[in-house]
Amino acid sequence: MRIAIAGATGAVGAHVVDVARRRGHDVVALSRSQGVDLLDASAVARALVGAEAVIDVSSIATTSGAASTAFFETSTANLLGGGAAAGVAHHVALSIVNADRAPSGYYAGKVRQERLVSEGPVPWSILRATQFHEFAGQIYDRGRIGPLHAVPIMRTQTVAAAEVAERLVELAESDARGRARDLAGPREERLIDLVRSYASAEGLRGPIVSVPLPGEMGAAMRSGALLPGPEAELSTQTFDEWLRAR
Ligand SMILES: NC(=O)c1ccc[n+]([C@@H]2O[C@H](COP(=O)([O-])OP(=O)(O)OC[C@H]3O[C@@H](n4cnc5c(N)ncnc54)[C@H](OP(=O)(O)O)[C@@H]3O)[C@@H](O)[C@H]2O)c1
């Protein structure tokens with residue numbers, strides 16, 4: 001099957017490309033570094049010609065609700081519009097477990113994306129996953145303030161991006177099913193511990209400090225509102241196993 005992967009070079013996107021190729025699919029990689037800007041409707045429409053399924057794992061690194069909403073609104077509209085015109089039979093989007101419990105900051109964009117996909121013209125599936133094990137490195141890099149690394153206080157049950165990628169490709173190979181079963185990691189962790197373990201494994205020095213993020217999003221991160229419910233599927237690889245295996 002020809003599968004277009006939006007965000008093909010990202011933390012999970014690179015795994016989605018690997019899994020799709022390993023399972024014999026023809027991959028069209030969409031990202032700016034591959035020459036396709038998702039915010040450019042005509043570039044997206046051209047790239048989707050001949051695609052049977054789309055897996056959207058694109059993202060913007062921001063905590064601003066306005067920036068996140070603007071990105072996901074336009075990129076999703078372009079993928080759905082281009083997809084409908086090209087006859088795409090299945091749009092698969094990746095979202096975040098319980099993002100709708102804190103629809104502010106980055107999560108505001110995810111909630112908007114989910115709504116556009118579920119009300120859109122292309123048969124759809126949405127997989128919600130918890131934070132990736134790879135999130136520890138993303139937070140380390142993005143939380144730099146001078147010599148410090150600031151880490152949001154967060155209860156999280158991280159999952160290997162590779163396991164999320166397997167599930168996304170399986171979904172793309174099947175009929176559209178709407179909301180799929182949530183996917184989470186095997187156990188609850190504290191984000192600060194994960195970032196410290198990641199930095200130590202990488203030989204990175206410098207103080208790493210916990211900070212409460214403001215607003216609804218920060219409160220949800222602290223309270224455990226973003227942890228999976230009892231109905232979620234739990235993956236197998238723990239953070240420590242993932243760290244050792246890299
Ligand atoms: N990170 C997590 O812990 C986590 C957990 C659960 C769900 N998710 C969801 O998973 C998805 C992917 O997250 P991620 O952390 O893997 O993202 P990421 O590593 O930040 O990668 C983002 C991807 O999007 C592409 N991209 C960004 N702006 C673009 C644009 N204007 N046009 C084309 N491509 C663009 C980037 O490529 P270029 O820069 O080359 O354009 C890159 O391939 C997101 O929807 C996120 O909400 C993430």
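Sequential numbering from 1 along the given sequence is applied to the chain's residues. Every number for a ligand or one of its atoms is a count from 1 in the order of the listing.
The backbone N or O of R2 sits less than 3.5 Å from a side-chain atom of E52, completing a donor-acceptor pair. Between the side chain of N98 and the backbone N or O of A225 there is at least one donor-acceptor pair closer than 3.5 Å. Distance alone, capped at 3.5 Å, places no donor-acceptor pair between the H91 side chain and the G120 backbone. In this structure a side-chain-to-backbone donor-acceptor pair under 3.5 Å is missing from H15 to E163. A donor-acceptor pair is defined here as one N or O able to donate and one able to accept, closer than 3.5 Å; no such pair exists between the side chain of R101 and the backbone of L226.
Looking at S95 against ligand 1, only its backbone comes within 4.0 Å, counting heavy atoms. When heavy-atom distances to ligand 1 are checked against a 4.0 Å cut-off, K110 comes that close only through its side chain, counted from C-beta outward.
For A61, the closest heavy-atom approach to ligand 1 does not fall below 4.0 Å. Heavy atoms of R142 approach ligand 1 to within less than 4.0 angstrom.
Residue, atom and distance of the protein heavy atom nearest to atom 35 (C) of ligand 1 are R32 NE, 4.0 Å. Annotation: atom 34 (N) of ligand 1 to nearest protein heavy atom, S31 CA, 3.4 Å. Ranking the protein heavy atoms by distance from atom 21 (O) of ligand 1 puts G10 CA, 3.2 Å first. Remark: minimum distance from atom 23 (C) of ligand 1 to any protein heavy atom is reached at G7 CA, 3.7 Å. Looking at atom 22 (C) of ligand 1, its nearest protein heavy atom turns out to be S59 N, 3.7 Å. Atom 16 (O) of ligand 1 has as its closest protein heavy atom V12 N, 3.1 Å. Nearest non-hydrogen protein atom to atom 15 (O) of ligand 1 is Q138 NE2, 2.9 Å. Summary of contacts: the protein heavy atom closest to atom 32 (N) of ligand 1 is L38 N, 2.9 Å.
For ligand 1 and Q131, the ligand atoms under 4.0 Å from any heavy atom of the residue are 3 (O), 5 (C). Atoms of ligand 1 lying under 4.0 Å from at least one heavy atom of V36, given by number and element, are 32 (N), 33 (C). The atoms of ligand 1 that sit less than 4.0 Å from any heavy atom of F71 are 28 (N), 29 (C), 31 (N). Using a 4.0 Å cut-off to heavy atoms of A129, the atoms of ligand 1 that qualify are 6 (C). For ligand 1, the atoms sitting less than 4.0 Å from at least one non-hydrogen atom of S33 are 40 (O), numbered in the order shown with element in parentheses. Set against the non-hydrogen atoms of D37, the atoms of ligand 1 under 4.0 Å away are 30 (C), 31 (N), 32 (N).
For the pair D40 and R46, the salt-bridge criterion is not met [side-chain N within less than 4.0 Å of a carboxylate O]. A salt bridge is defined here as a Lys NZ or Arg NE, NH1 or NH2 lying under 4.0 Å from an Asp or Glu carboxylate O, and R246 with E202 meets this definition. Ionic pairing of E241 and R244 is not present here: no N-O contact between side-chain nitrogen and carboxylate oxygen is shorter than 4.0 angstrom. Ion pairing between a basic and an acidic side chain is recognised when a charged N comes within 4.0 Å of a carboxylate O; E73 and R115 show no such pairing.
Nearest-heavy-atom check against atom 10 (O) of ligand 1 across L94, V159, V44 picks out L94. Residue nearest to atom 46 (C) of ligand 1, selected from F135, Y106, F132: Y106 (by heavy-atom distance). Between atom 37 (O) of ligand 1 and the options V57, T9, V17, I139, the minimum heavy-atom separation is to T9. Residue T130 holds the heavy atom nearest to atom 6 (C) of ligand 1 of all those in V164, T130, L30, I60.
Each of R128, K110, E114, Q113 was scored for a side-chain hydrogen bond (donor to acceptor under 3.5 Å, both in side chains) with S95, with one residue passing: E114.
The minimum heavy-atom distance linking V44 with N78 is given by the pair CG1-O, 3.6 Å. Closest of all the heavy-atom pairs between L94 and A129 is CD1-CB, 4.0 Å.
Below 30°, between 30° and 60°, or above 60°: for H149 and Y140 the angle between ring planes is below 30°, a parallel geometry.
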